[in-house]
Amino acid sequence: MSSAGTFRESLTRVLILGQPQPRLVAQGHQVQVVDYNDPESLLFALRGIDTVISTVTGPPQLQLIRAAVQIGVRRFAPAEFDGPPSLRPNPDPLDRGQAAALVWLAHHRNSIQSTVFVCGILYERFQQGGLARSRIGLNSGVAGEGDYIMDIRNMSAQVPVWMADNSYATVCLTAARDVGRFVAKAVDLPQWPAELRMCGERMT
């Protein structure tokens with residue numbers, strides 16, 4: 001989350017459910033432990049915040065959106081960081097409340113500006129230890145090594161090759177660090193479009 005101003009100066013408040021995070025505090029972030037089931041806790045934490053970059057999904061994210069709208073947060077980016085929402089199957093077996101969050105944000109579009117950061121697949125999914133090694137997506141169910149598309153250690157993969165029109169299927173890959181840089185720059189944009197897309201590499 002950030003207050004108005006440049007990202008480096010203002011992204012200093014991190015809301016954490018559960019235990020304090022001394023590692024983040026040591027890096028200069030203001031960490032505030034909140035209860036996502038307690039609206040007053042969220043309202044207090046969001047006071048003075050201009051922009052929320054969410055990394056929680058499911059009911060906690062919906063509570064965060066409600067509180068952000070109520071307290072007057074200007075902009076909200078939901079926890080997407082994936083492919084374009086329009087290309088997801090319906091129902092989506094991997095949905096973790098993301099569709100509901102997008103519906104909520106669309107409903108409140110006159111009160112709060114939002115964007116979806118579309119980055120494709122994170123390269124870190126395919127590192128030893130998977131996303132979990134970078135402490136990303138720990139609650140997603142597909143954060144471990146070999147959980148998603150390719151298991152490089154065991155040299156196996158299940159990848160779509162062809163599109164319906166007989167063209168090669170393509171995937172977009174982006175490094176998590178580059179996603180962070182992109183989001184940091186986007187915080188300073190005066191207006192957000194419905195989607196902000198990035199791609200480190202596109203390949204068949």
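Numbers here are sequence positions counted from 1.
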Tyr123 and Glu201: side-chain hydrogen bond (donor to acceptor under 3.5 Å, both in side chains), yes or no, with the steps?
CA-CA 10 Å; Tyr123 282 113; Glu201 181 179 16; 2.6 Å; yes

Between Ile112 and Leu62, is there shared hydrophobic-cluster membership here, with clusters defined by ILVMFWY side-chain heavy atoms closer than 4.5 Å?
yes

Arg66 and Trp104, any side-chain heavy atoms less than 4.5 Å apart:
yes

Within this structure, what is the CD-CG distance for the pair Gln63 and Asn37, rounded to the nearest 0.5 Å?
6.0 Å

Thr115 side chain to Ala77 backbone, donor-acceptor under 3.5 Å
no

What distance do Gln191 atom CD and Gln113 atom CD have between them, rounded to the nearest 0.5 Å?
4.5 Å

Going only through I, L, V, M, F, W and Y residues with side-chain contacts under 4.5 Å, is there a path from Val161 to Ile149?
no

Given side chains that start at C-beta, do those of Gln61 and Arg96 come closer than 4.5 Å, heavy atoms only?
no

Between the side chain of Ser41 and the main-chain N/O of Val34, is any donor-acceptor distance below 3.5 Å?
no

Are any non-hydrogen side-chain atoms of Leu46 and Gln70 less than 4.5 angstrom apart?
no

About how many Å separate CD1 of Ile65 and NE2 of His107, when rounded to the nearest 0.5 Å?
12.0 Å

Taking C-beta and beyond as the side chain, do Cys172 and Met203 meet within less than 4.5 Å on heavy atoms?
no

Quick one: are Leu102 and Pro78 in side-chain contact, heavy atoms under 4.5 Å?
yes

Of all the heavy-atom pairs spanning Glu80 and Pro85, show the shortest one and how long it is.
OE1-CG, 4.1 Å

Identify the heavy atoms of Ala79 and Thr57 that sit nearest to each other, and give their distance.
CB-CG2, 3.9 Å

Phe76-Val116 co-clustered via ILVMFWY side chain contacts under 4.5 Å:
no

Taking all non-hydrogen atoms of both residues, which atom of Gln127 and which atom of Ser134 are closest, and how far apart?
NE2-OG, 2.9 Å

Separation of Ile121 CD1 from Met150 CE (nearest 0.5 Å)
7.5 Å

In terms of side-chain geometry, is the basic nitrogen of Glu124 or Arg133 positioned less than 4.0 Å from the acidic oxygen of its partner?
no

Approximate separation, where rounding is to 0.5 Å, of Phe126 CZ and Asp151 CG:
11.0 Å

Within the 4.5 Å heavy-atom criterion, are Ile53 and Val183 side-chain neighbours or not?
yes

Verify, without hydrogens or angle tests, whether Glu145 (side chain) and Gly129 (backbone) share a donor-acceptor contact under 3.5 angstrom.
yes

Over all heavy atoms of both residues, which pair between Leu122 and Cys119 is shortest? Give the atoms and the distance, please.
CD2-SG, 4.1 Å

With a 4.5 Å cut-off on side-chain heavy-atom distances among I, L, V, M, F, W and Y, is there a chain of contacts connecting Met163 to Val171?
no

Count the heavy atoms belonging to other residues, nucleotides or ligands that lie under 6.0 Å from CZ of Arg177, then report whether that count exceeds 12.
no

Is Arg75 reaching over with its side chain to a backbone N or O of Val187, donor-acceptor style, under 3.5 angstrom?
yes

At their closest point, which heavy atom of Ala186 faces which heavy atom of Phe117, and how far apart are they?
CB-CE2, 3.6 Å

Going hydrophobic residue to hydrophobic residue with side-chain gaps under 4.5 angstrom, can you get from Leu87 over to Met198?
no

Minimal non-hydrogen separation, Leu42 against Ala67, with atom names:
CB-CB, 3.7 Å

Any donor-acceptor pair under 3.5 Å linking the side chain of Thr204 with the backbone of Ala169?
no

Hey, could you give me the CG/CZ distance between Leu196 and Phe182, rounded to the nearest 0.5 Å?
5.0 Å

Looking only at atom types and distance, does a side-chain atom of Asn154 sit under 3.5 Å from a main-chain N or O of Ser156, one as donor and one as acceptor?
no

